[in-house]
Amino acid sequence: MTDILNAFVLFANFVFVPGLAYGAQLALGALGITLIYAVLRFSNFAHGDTMAFGAMCVILITWGMQAMGISAGPLPTALLALPFGILGAVALCLVFDRTVYRFYREQRAVPVVFVIASVGVMFMTNGLTRLIIGPDDQRFADGERFIITARDFKEMTGLAEGLAFRTTQAITIVVAVIVVIALFRFLNHSRMGKAMRAYSDNEDLALLSGINPDRVVLYTWIIAGALATIAGTLYGLDKSFKPFTYFQLLLPIFASAIVGGIGNPVGAIAGGFIIAFSEVTVTYAYKKFVSYFGWETDGLLQLLSTDYKFAVSFVILVLVLLIRPTGLFRGKVI
Amino acid sequence: MKPFPLFILMGLALVAVGMFQSWNVALAIVNLSLISAIMALGVNIQWGYAGIFNVGIMGFAALGGVAAVLFSMPPVGEAWRAGGTGIALAGLALGATIFVVAMLVRHLSGTRRRVAVTLAIIAGYAVTRMAYDPAVDAIESVDPAATGYLGGLGLPIVLGWAAGGVLAAGVAWVVGKISLGLRSDYLAIATLGISEILLAVIKNEDWLTRGVKNVTGLPRPVPYEVELQETQWFADLALRLGQDPGALSGIFVKLLYAGLFLVVLIVLYWLSERALRSPWGRMMRAIRDNRDAAEAMGKDVTARHLQVFVLGSAVVGIAGAMLVTLDGQFTPTSYQPLRYTFLIWVMVIVGGSGNNTGSVLGAFVIWFLWVQAEPAGLWLMSIVTDRLPDDSAIAGHLLEAAPHLRLFLMGLILLIVLRFSPRGLVPERRARAG
């Protein structure tokens, strides 16, 4: 019995809890991608770098707050800085919308032109981020590191395996839940949210019924910028902030959005967790886990080395595209 | 704009670099521009001819590099004896698994097919790993500091360039089979993912490519500078030109490389132009401009897309092999999508999609700016920071960050060209109506 409990604690510690936090981060990123896709109708390649830019704003303000002696007690100061960081990222998104995307919207350009433009925006955002904060790793997490450390857990339960629960993981999950609830209330109940959904469903019909497209686009960028900053900050708190990793996050985030059904917010969340758990479970070495069931082996029992985690999200992506191109939750297919 | 004056301007800019900075720098720019031009030709074949949005260029360039390594490095006999059979067995097991799965898919259906395929994959995976793991361990433990991989064929590296094209084409065929049915956005994401996976494989399969330990000391198609300095005729040449033999040998070697690359570029350019002006080229443009109409006319759009995807990727693969030849080493960590995928895209868009001359010009212009953005950024920053005190932290940070201006600049150039001159510096030639 203890063995089985140990096995499950081990699994929870190395697969379930990290997967949950990572999934929440991916889901928030994918929500941004999916909203832009639903309303503006293109795949935004700059989203990963928007996340990096937003997180960078948060980091700079966090450092300022730390220097002034402001802190959130046991919680990371970054949470206090988050609203200001969101302002930064939203401003960036709106500037690029005014200077770049609006022109093509008025021209009714084909989606691929928007995608190429977003590549240009990606370069510029990436350059800005590196110019301001540099390409290196930055740590900005402070406050309590753990809610439960592995050792406390072992002492509490008397098990051989510990279950560590980091503050950043808890914050990620709590913040993600709050953000998702707020977003869905907004989309389903507010006037603007309904207008956005109508615009996404059928642009011409929405315009006929008097919806102001400029306001829809404005709100979309505000929400996308906010989501990107929150996702970027949570990822940076949980792991570490490095501009290049955000660019690499683009692939799992796109995979999450498409697997769930691009353009569909529920799908983005489900997709985020599917991708995150697949990545973690496939790259975890099960050697110790099975040893609790009395199976001793020499091999690591690792299906794929951790460096192949991108391959996992990609294979799922391809399978979904081939078998069910609309995604699990019927997204848009144009 | 006519391309000819633009090329003259570009040449003058390079000469200016040679006179005011150094001829070494100018020739280094020329060499990488020539390689970039070939990559841009490859992208233009896919995007400009057929409208395929491939952002996996980096992966195919890296494959070209792998092919050059596997073709030119001497074989490691001991590693072959240690693990060659194991790897061969693993390959056999993998092939057998694929064959069995294909057979099952063809002959069964419904739940039985699903169960049988799953079982076959699990069994095949287990058997493959059983042969593969010990073989890899054995190979990688053979003198890991120097080799630890199977080595190559020990053939001349210039032939490896063609091998780069063949390898990239082969992989592109598989990739195209899977992903070309997707519409443009999805295809972009899919190819982006594939290039990341290719790089992950190259970085991790140490037995094949030495992974992140890098392969250095690739054989060169041109003489080494040191050897050159020792020959009598070169010493005479240096004396006659009144140059220092050390500096002259560097320039001489770079010129030899430039000559080789130029020959490849001219051949590929000529072939691309021939293809573009042939009935095949007209068909590709017809498919690009109106896919449905072309299909209604009886053109096999999927097959043509696959064909052009393979051809373009092969050209990128050749350039990738040339790149590692120029570097003399293969470093998987140096492949970054911004540099090897998106920068090439900027070249094609700025040069003019659909126009081979434009792609070549775009490659020269963008690579020139990419290299020169760094000194220009430093100069700009030094003006900005001039008024700040010497020990100011901000000044130090700005000077340190100056090289990153180039990313910003590239984005800006792409956006400006896309907006104000969407057809690029040298627009595509359209056939006159009627």
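Order of the sequence lines sets the chain letters (A, B, ...), proteins ahead of strands, with each chain counted from 1. Predicted, not measured: the structure shown is a model, and the values here were computed from it.
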Looking at chain B, which one of A/Ile258, A/Thr99, A/Thr129 has the largest number of heavy-atom pairs inside 4.5 Å, strictly under?
A/Ile258
Among B/Pro337, B/Ala188, B/Gly377, B/Gly51, single out the residue with the greatest number of heavy-atom pairs under 4.5 Å to chain A.
B/Pro337
Checking B/Arg406 against chain A: side chain, backbone, both or neither under 4.5 Å from a heavy atom?
neither
Proximal component of A/Gln107, with respect to chain B [non-hydrogen, under 4.5 Å]:
neither
Atom NZ of residue position A/Lys239 - does it have more than 12 heavy atoms of other residues, nucleotides or ligands inside 6.0 Å?
yes
Measuring heavy-atom distances to chain A, does B/Val201 have an atom under 4.5 Å in its side chain, in its backbone, in both, or in neither?
both
Check A/Ser43 against B/Asp185 and note the closest heavy-atom contact, atom names and distance.
OG-OD2, 2.7 Å
Taking atom CG of B/Leu409 and atom CE of A/Met124, what is their separation to the nearest 0.5 Å?
9.0 Å
Does anything in residues 50-64 of chain A reach chain B? List residues with heavy atoms under 4.5 Å apart, or say none.
none
Roughly how far apart are B/Phe408 CZ and A/Thr125 OG1, rounded to 0.5 Å?
9.0 Å
Okay, A/Ser313 and chain B: the region with an atom under 4.5 Å from a heavy atom over there is neither
To the nearest 0.5 Å, what is the distance between NZ on B/Lys203 and OH on A/Tyr308?
11.0 Å
Look at B/Ile349, B/Leu338, B/Val55, B/Leu192 and state which one has the largest set of heavy-atom pairs under 4.5 Å with chain A.
B/Leu338
Gap separating the CE atom of A/Met122 from the CE atom of B/Met410, nearest 0.5 angstrom
13.0 Å
Can you tell me which residue pairs pass the salt bridge (Lys or Arg N to Asp or Glu O under 4.0 Å) test with a partner in residues 108-133 of chain A, sequence neighbours excluded?
A/Arg108-A/Glu203
Let me confirm one number: the CD1-CZ distance from A/Ile116 to B/Phe53, rounded to the nearest 0.5 Å.
5.0 Å
Before giving the answer on side-chain contact (heavy atoms from CB on, under 4.5 Å), spell out for B/Gln336 and A/Phe244 the whole-Å C-alpha distance, their side-chain angles and the decisive distance to 0.1 Å.
CA-CA 10 Å; B/Gln336 304 284 346; A/Phe244 182 63; 2.9 Å; yes
So, taking the atom named CG in A/Leu131 and the one named CE in B/Met381, what distance separates them when rounded to the nearest 0.5 Å?
4.5 Å
Part of A/Val121 within contact of chain B (heavy atom distance under 4.5 Å):
both
Quick check on the structure: residues of residues 412-422 of chain B within a heavy-atom distance below 4.5 Å of chain A, by number.
B/Leu412, B/Leu414, B/Leu415, B/Leu418, B/Arg419
With chain B, the option among A/Pro252, A/Gly134, A/Gly127 that has the most non-hydrogen atom pairs under 4.5 Å is A/Gly127
Among the listed options A/Val113, A/Val119, A/Leu250, A/Val100, the residue most often paired with chain B at heavy-atom distances under 4.5 Å
A/Val119
Turns out that what part of B/Phe342 lies under 4.5 Å from chain A's heavy atoms comes down to both
Using non-hydrogen atoms only, which part of A/Phe114 is less than 4.5 Å away from chain B: side chain, backbone, both, or neither?
neither
Determine which pairs satisfy salt bridge (Lys or Arg N to Asp or Glu O under 4.0 Å) with at least one residue from residues 338-353 of chain B, sequence neighbours left out, and list them in order.
none
